[in-house]
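Working notes, structure below.
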Amino acid sequence: MTKTARQLLEWYDRNRRQLPWRAADGADADPYHVWLSEIMLQQTTVATVKGYFEKFLARWPSVEALAAAPQEDVLQEWAGLGYYARARNLHKCAQTVVSEHDGEFPSTEEGLKALPGIGDYTGAAIAAIAFGEAATVVDGNVERVVSRLFRVTEALPAAKKAIKEHTASITPSERPGDFAQAMMDLGAGVCTPKSPKCLLCPIRTGCAAHEAGDMERFPVKAPKKTKPTRRAMSFWLEHDGHVLLERRPQKGLLGGMPGFFSTPWEERATFPTKEEWLDHRPTEDYWKPLEGLAKHTFTHFHLETKLLTAKADAKLNFENGFWHPLAQLEDVGLPTVFKKIAALKTTPQK
DNA sequence: AACTCGGGGGG
DNA sequence: CCCCCAGAGTT
């Protein structure tokens, strides 16, 4: 074991955080818990995940229970957490583990990575944390810690290969799961993107960037593109205490989630004119524009939408559409963008 | 290698 | 406003 790994593990033993998915000191980690938490933690902060993890575990205590659930129920519980492909793959993965692996998760990085939703990071993390394999675990925290430790001047994402090799060079064969979690805890609390707390760092003596005094330069990243703005009109159709919702297609943005019918979300400088939105309205009822504007930002674009409302004569059936009781709108599991759009109707605008 | 895919919190 | 976050899958 390298000196760096030993110092880090000693620090971890003194500063270990208790997290809902983390086994009690000395106990074995439950692969189902580790897997569920790691999927939720992809691009998502610990604070955000905690509540969702508890809810999922209470509703589906085992991988068998999760596999047996309807996809709609899983998406409903996932609503608000984002990156909904994770929820679809989570469900698929559970079903695969039950049907093809007798309900037991594969115990190797290679076997895990063959499952839906488990990639380089998650496969290595589960193998190390739940099964003690000395896999090389690299997430955003580790990229930052290692790029500083070795002062990697190459920019991401090209630097990923070098960073992984450096990480492998300090990953111990003993306690690899604790080592991985220690690296991530260090990145989250000490080796932070801005104003890193180097005085508290257990491995600062071996840190090349700390030696040079330019820690915040790392990791070097490629410049990012500016986000365009898309604009659309959304449709709120009401009948007899119900509102019309759309079940979105499985592929693409917000796949499988409920939402409102709308004009296409297109990059444009102005909102669709009446002439334009007439072609996209779900019914020929009398549609009236509402005050207010809903704004939401996705990973690669901004969205602005206004709302049109109408009362339907009858509860018609819609392709990919369903009527949902207004009183239970909170329970359907709307993605955040549609909650904002609904608020234009349900809460008075100025 | 570049792009798609959410949402929230911190500076 | 910008940044980042226990990234994966597709093209």
Side-chain angles (χ1 to χ4, degrees), chain A residues 17 19-22 29 33-53 75 78-90 92-93 112-130 135-145 155-161 164 167 177 179-189 191-196 216 219 221-228 230 248-257 259 265 295-303 333-340:
Chain A
R17 288 187 293 169
L19 296 172
W21 47 88
R22 215 167 247 187
H33 296 185
V34 174
W35 164 71
L36 179 59
S37 67
E38 290 299 344
I39 302 298
M40 289 183 167
L41 286 162
Q42 289 166 7
Q43 296 297 107
T44 310
T45 56
V46 167
T48 302
V49 165
K50 279 183 181 171
Y52 282 88
F53 179 81
L75 294 180
W78 197 276
L81 197 53
Y83 285 149
Y84 297 95
R86 291 186 296 172
R88 301 193 298 271
N89 284 330
L90 182 86
K92 265 193 251 171
C93 182
L112 288 159
K113 281 169 66 173
L115 294 167
I118 300 183
D120 289 341
Y121 162 74
T122 306
I126 299 174
I129 297 169
T136 306
V137 180
V138 182
D139 75 327
N141 289 303
V142 175
E143 280 182 351
R144 185 169 54 256
V145 171
L156 288 170
K160 281 179 180 291
K161 183 164 180 281
K164 183 151 189 172
T167 307
F179 175 80
Q181 293 178 88
M183 289 285 279
M184 296 189 279
D185 281 7
L186 189 74
C191 195
T192 46
K194 292 172 186 170
S195 308
E216 286 196 22
K221 295 198 172 181
K224 18 198 102 185
K225 310 196 319 185
T226 59
K227 294 177 184 178
R230 302 184 189 178
R248 298 172 64 86
Q250 287 287 317
K251 291 194 174 183
L253 188 70
L254 307 174
M257 301 299 290
W265 297 359
K295 295 184 182 184
H296 189 76
T297 299
F298 293 95
T299 308
H300 53 292
F301 65 91
H302 304 288
L303 177 70
L334 288 179
T336 301
V337 63
F338 294 118
K339 285 189 179 177
K340 291 180 181 175

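To find a chain, count down the sequence lines: A is the first, B the second, and so on, and within it residues start at 1.
Applying the side chain to side chain contact (heavy atoms under 4.5 Å, CB included) criterion to A:Lys92, with sequence neighbours excluded, gives A:Asn89, A:Pro116. Partners of A:Thr299 under the side chain to side chain contact (heavy atoms under 4.5 Å, CB included) rule, at least two apart in sequence or in another chain, are A:Tyr83. Residues that satisfy the salt bridge (Lys or Arg N to Asp or Glu O under 4.0 Å) test with A:Arg17, not counting sequence neighbours, are A:Asp185. Here A:Lys160 pairs with A:Glu143 under the salt bridge (Lys or Arg N to Asp or Glu O under 4.0 Å) rule; sequence neighbours left out. Among residues two or more places apart in sequence or in another chain, the salt bridge (Lys or Arg N to Asp or Glu O under 4.0 Å) test is passed with A:Lys251 by none. Scanning for side chain to side chain contact (heavy atoms under 4.5 Å, CB included) contacts around A:His300 gives A:Arg230, with sequence neighbours left out. Partners of A:Arg144 according to the side-chain hydrogen bond (donor to acceptor under 3.5 Å, both in side chains) rule, which considers only residues two or more places apart in sequence or in another chain, are A:Asn141. Scored by the side-chain hydrogen bond (donor to acceptor under 3.5 Å, both in side chains) test, A:Thr44 finds A:Arg86 as partners (sequence neighbours excluded).
A gap of 13 Å separates the C1' atoms of C:dC4 and B:dG6, to the nearest Å. Between the C1' atoms of B:dC5 and C:dC5, the separation comes to 15 Å (whole Å).
Among A:Thr336, A:Leu75, A:Leu334, A:Val337, the single residue meeting the side-chain contact (heavy atoms from CB on, under 4.5 Å) criterion with A:Leu254 is A:Val337.
Using a 4.0 Å heavy-atom criterion, one finds that A:Arg88 contacts no nucleic acid atom at all. Residue contacts for A:Ser195: at a heavy-atom cut-off of 4.0 Å it reaches no nucleic acid atom on any strand shown. A:Trp78 comes within contact range of no nucleotide atom at all, as no heavy-atom separation falls under 4.0 Å. As judged by a 4.0 angstrom heavy-atom cut-off over every strand, A:Val137 is placed among residues making no nucleic acid contact. Using a 4.0 Å heavy-atom criterion, one finds that A:Ile129 contacts no nucleic acid atom at all.
With pairs defined as Watson-Crick or G-U wobble and both atom distances under 3.5 Å, the stems of at least three pairs that touch DNA chain B come out as B:1-5 with C:7-11, B:7-11 with C:1-5.
Taking the six-membered ring for Trp and thresholds of 30 and 60 degrees, A:Phe338 and A:Trp265 have ring planes inclined between 30 and 60 degrees apart.
Among residue pairs with one or both ends in residues 112-127 of chain A, those qualifying as salt bridge (charged side-chain N to carboxylate O under 4.0 Å, His left out) are A:Lys113-A:Asp120; sequence neighbours excluded.
A 4.0 Å heavy-atom criterion places the boundary nucleotides of DNA chain C facing chain A at C:dC3 to C:dG9, written 5' to 3'.
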* **Letter per nucleotide, 5' to 3', of nucleotides 1-11 of chain B [B base touched, S only sugar-phosphate touched, - untouched; heavy atoms, 4.0 Å]** => --SSBBBS---
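Heavy-atom distances to DNA chain C give each of A:Pro116 and A:Gln181 a nearest nucleotide, and the one nearer the 5′ end belongs to A:Gln181.
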